[in-house]
Amino acid sequence: MKQNLLLLGAILFSVNGMSAADPIVVSPAAGSDIAAALTEAKAGKEVGKITINLAENAAYTLGASIETGASLVINGNGATIDASALETPVILMSATPTVEVVNDFYRVDSVAVKNVTVNGAKSSIFYDNNTKYCVVDFVLDGVDFALATAAVENEALIAFKAGGAKDFAIKNSTIYGNGEGAKYFVRYNNNARIDRFGYDENVDTWSMLYTNNTFYKAIKNDGQWGNYNGVASKAKAMVVTVNKNIWFDCSEQVLRRMFQSKAFKDFNAGSSVAENTFWYNDAAAEQGNYGNGLELTTNPDFVNAAEGNFTIGASTEQAKYQTGAPKWLVPYSGESAIESIGVDNENAPVEYFNLQGIRVDNPAAGIFIRRQGSKVSKVVIK
């Protein structure tokens with residue numbers, strides 16, 4: 001019986017022209033080239049899921065794209081990657097996938113990048129290599145991308161030319177650049193829809209989440225934040241969460257472009273849009289009536305955006321509502337105004353974040369950002 005089951009498994013893999021793939025776990029030495037270490041780890045293997053564990057607060061270089069035909073997880077641990085020698089996307093999906101096909105799309109469980117800084121990226125953050133991938137869970141969490149883009153694949157920083165993502169999340173991150181190169185932040189193929197991915201749109205949902213991010217000149221002034229017609233056509237199956245972000249000079253119509261001009265009420269009842277800043281050309285940008293959440297309409301007063309310091313002003317609305325990437329937040333200077341928004345700081349839960357903005361459930365020794373309600377402070381835990 002066991003031999004028969006093994007034979008059946010081999011037959012199922014052969015239907016898709018694939019053999020069983022090997023998971024790859026690589027921990028590059030501090031100071032090394034990540035792509036070179038990955039190439040060495042792949043040698044002689046049918047590559048499956050890739051996990052890259054970087055050393056805590058270490059520095060690396062990236063001389064070639066991080067390429068995968070299956071899931072990819074990068075645990076940054078506060079490391080910094082110099083990508084200035086790279087002319088291709090930081091993450092490149094392989095033209096020869098090693099995952100199963102579902103409804104004509106290669107099903108990838110996850111692409112997740114966490115707690116890392118990438119400097120000097122000249123092309124896209126991610127590109128699907130014009131291959132029909134469905135990434136079930138796409139996540140950037142606690143990342144800083146300092147872009148030097150001159151040209152990007154498929155006109156987008158996150159470029160699905162042939163596929164798309166079911167659940168898409170950008171959180172606790174800072175993405176900034178020169179306002180050149182990218183027409184879109186994220187772009188899906190027009191066929192990328194939840195039903196075409198092989199999900200039941202009457203049962204399953206797909207999601208788009210942006211929370212606690214700071215975006216500065218990430219795309220062209222006349223660009224569009226998102227381009228995915230499948231979202232518009234299947235909006236009722238999508239949960240949209242867009243809360244506590246700052247968009248500064250990232251085109252004039254962020255939300256309208258994100259939602260393909262659909263009224264927000266067409267989306268799933270669990271959706272939420274609140275406490276975002278849309279700043280363009282020295283003024284608060286007009287976004288339209290999307291949801292009932294508060295829209296912040298004042299300049300966040302970054303300390304030095306030109307040098308990549310997006311610390312907000314202490315007396316701003318952004319400080320009052322704690323909006324933007326956690327690493328740039330400061331306590332609000334007007335105590336009475338904090339009280340006026342009805343936040344019970346004394347009884348609010350306490351949250352801790354590291355200096356990269358990643359939430360820490362059980363902080364050990366070190367310096368952390370402590371948040372309770374609307375009060376934020378830096379603390380030293382010994």
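Heavy-atom basis, side chains included; hydrogens, waters and symmetry copies ignored.
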Does a side-chain N-to-carboxylate-O contact under 4.0 Å join D222 and K183?
no
T214 and N245, any side-chain heavy atoms less than 4.5 Å apart
no
Check whether any side-chain heavy atom of N212 lies under 4.5 Å from a side-chain heavy atom of K171, and answer yes or no.
no
Indicate yes or no: does D104 engage K132 in a salt bridge with an N to O separation below 4.0 Å.
yes
Are the side chains of L296 and T323 in touch, meaning some heavy atoms are under 4.5 Å apart?
yes
Between the side chains of T316 and D301, is a donor N or O closer than 3.5 angstrom to an acceptor N or O?
no
Sidechain-backbone polar pair: S173 side chain, I170 backbone, donor-acceptor under 3.5 Å
no
Aromatic rings F185 and W225: how do their planes relate, parallel, tilted or perpendicular, breaks at 30° and 60°?
parallel
Within the side chain of E40, is there an N or O that forms a donor-acceptor pair under 3.5 Å with the backbone of A37?
no
Quick one: closest heavy-atom pair of P89 and Y127, and the distance?
CG-CB, 3.7 Å
Is there a donor-acceptor contact under 3.5 Å from the side chain of K166 to the main chain of T205?
yes
Short question: side chain of D128, backbone of G163 - any donor-acceptor pair under 3.5 Å?
yes
Do S207 and D167 have a side chain donor and acceptor closer than 3.5 Å?
yes
For K122, look at atom NZ and say whether over 12 heavy atoms of other residues, nucleotides or ligands are found less than 6.0 Å away.
yes
Compare every heavy atom of K220 with every heavy atom of S251, then report the nearest pair and how far apart it is.
CB-O, 3.9 Å
Taking P28's backbone N and O only, do any of them form a donor-acceptor pair with S32's side chain (distance below 3.5 Å, no angle check)?
no
If we ignore hydrogens and angles and just use 3.5 Å, is the side chain of N103 paired with the main-chain N or O of F105 as donor and acceptor?
no
Taking atom NZ of K42 as the centre, does the number of heavy atoms from other residues, nucleotides or ligands within less than 6.0 Å exceed 12?
yes
Checking side-chain contact (heavy atoms from CB on, under 4.5 Å) for the pair R187/I158: CA distance, chi angles, key distance, verdict?
CA-CA 6 Å; R187 189 179 191 185; I158 298 173; over 6 Å; no
With heavy-atom distances below 4.5 Å as the criterion, would you say the side chains of T174 and W328 are in contact?
yes
Y280, F215, F302, Y176 screened by ring-ring contact (aromatic ring centres under 6.0 Å, His included) with F248, the one that passes
F302
Taking the side chain from N276 and the backbone from E295, do they hold a donor-acceptor pair closer than 3.5 Å?
no
Is any NZ, NE, NH1 or NH2 atom of the basic residue among K161 and E153 found under 4.0 Å from an Asp or Glu carboxylate oxygen of the other?
no
Neighbour count >12 (heavy atoms, 6.0 Å) for atom NZ, K244:
yes
Hey, are the side chains of T277 and Y321 touching, using non-hydrogen atoms and a 4.5 Å cut-off?
no
Using the side chain to side chain donor-acceptor pair (under 3.5 Å) rule, take S84 and D82 through it: C-alpha gap first, then chi angles, then the decisive distance, then the call.
CA-CA 6 Å; S84 59; D82 181 358; 2.7 Å; yes
Decide ring-ring contact (aromatic ring centres under 6.0 Å, His included) for F138 and F126; before the verdict, give the C-alpha distance in whole Å, the side-chain angles of both, and the deciding distance to 0.1 Å.
CA-CA 10 Å; F138 185 99; F126 169 93; 5.2 Å; yes
Geometric class of the F160/Y188 ring pair [parallel <30°, tilted 30-60°, perpendicular >60°]:
perpendicular
Exam field: side chain N178 to backbone E180, donor-acceptor pair closer than 3.5 Å:
yes
Any side-chain heavy-atom pair of V152 and L157 under 4.5 Å
yes
Between S65 and T88, do the side chains contain a donor N or O and an acceptor N or O under 3.5 Å apart?
yes
Please confirm whether the backbone N or O of A79 pairs with a side-chain atom of N77, one donor and one acceptor, at under 3.5 Å?
no
Lys/Arg N to Asp/Glu carboxylate O, E100 vs R107, below 4.0 Å:
no
Output yes when a side-chain donor or acceptor of S110 lies under 3.5 Å from a complementary backbone atom of A112, and no otherwise.
no
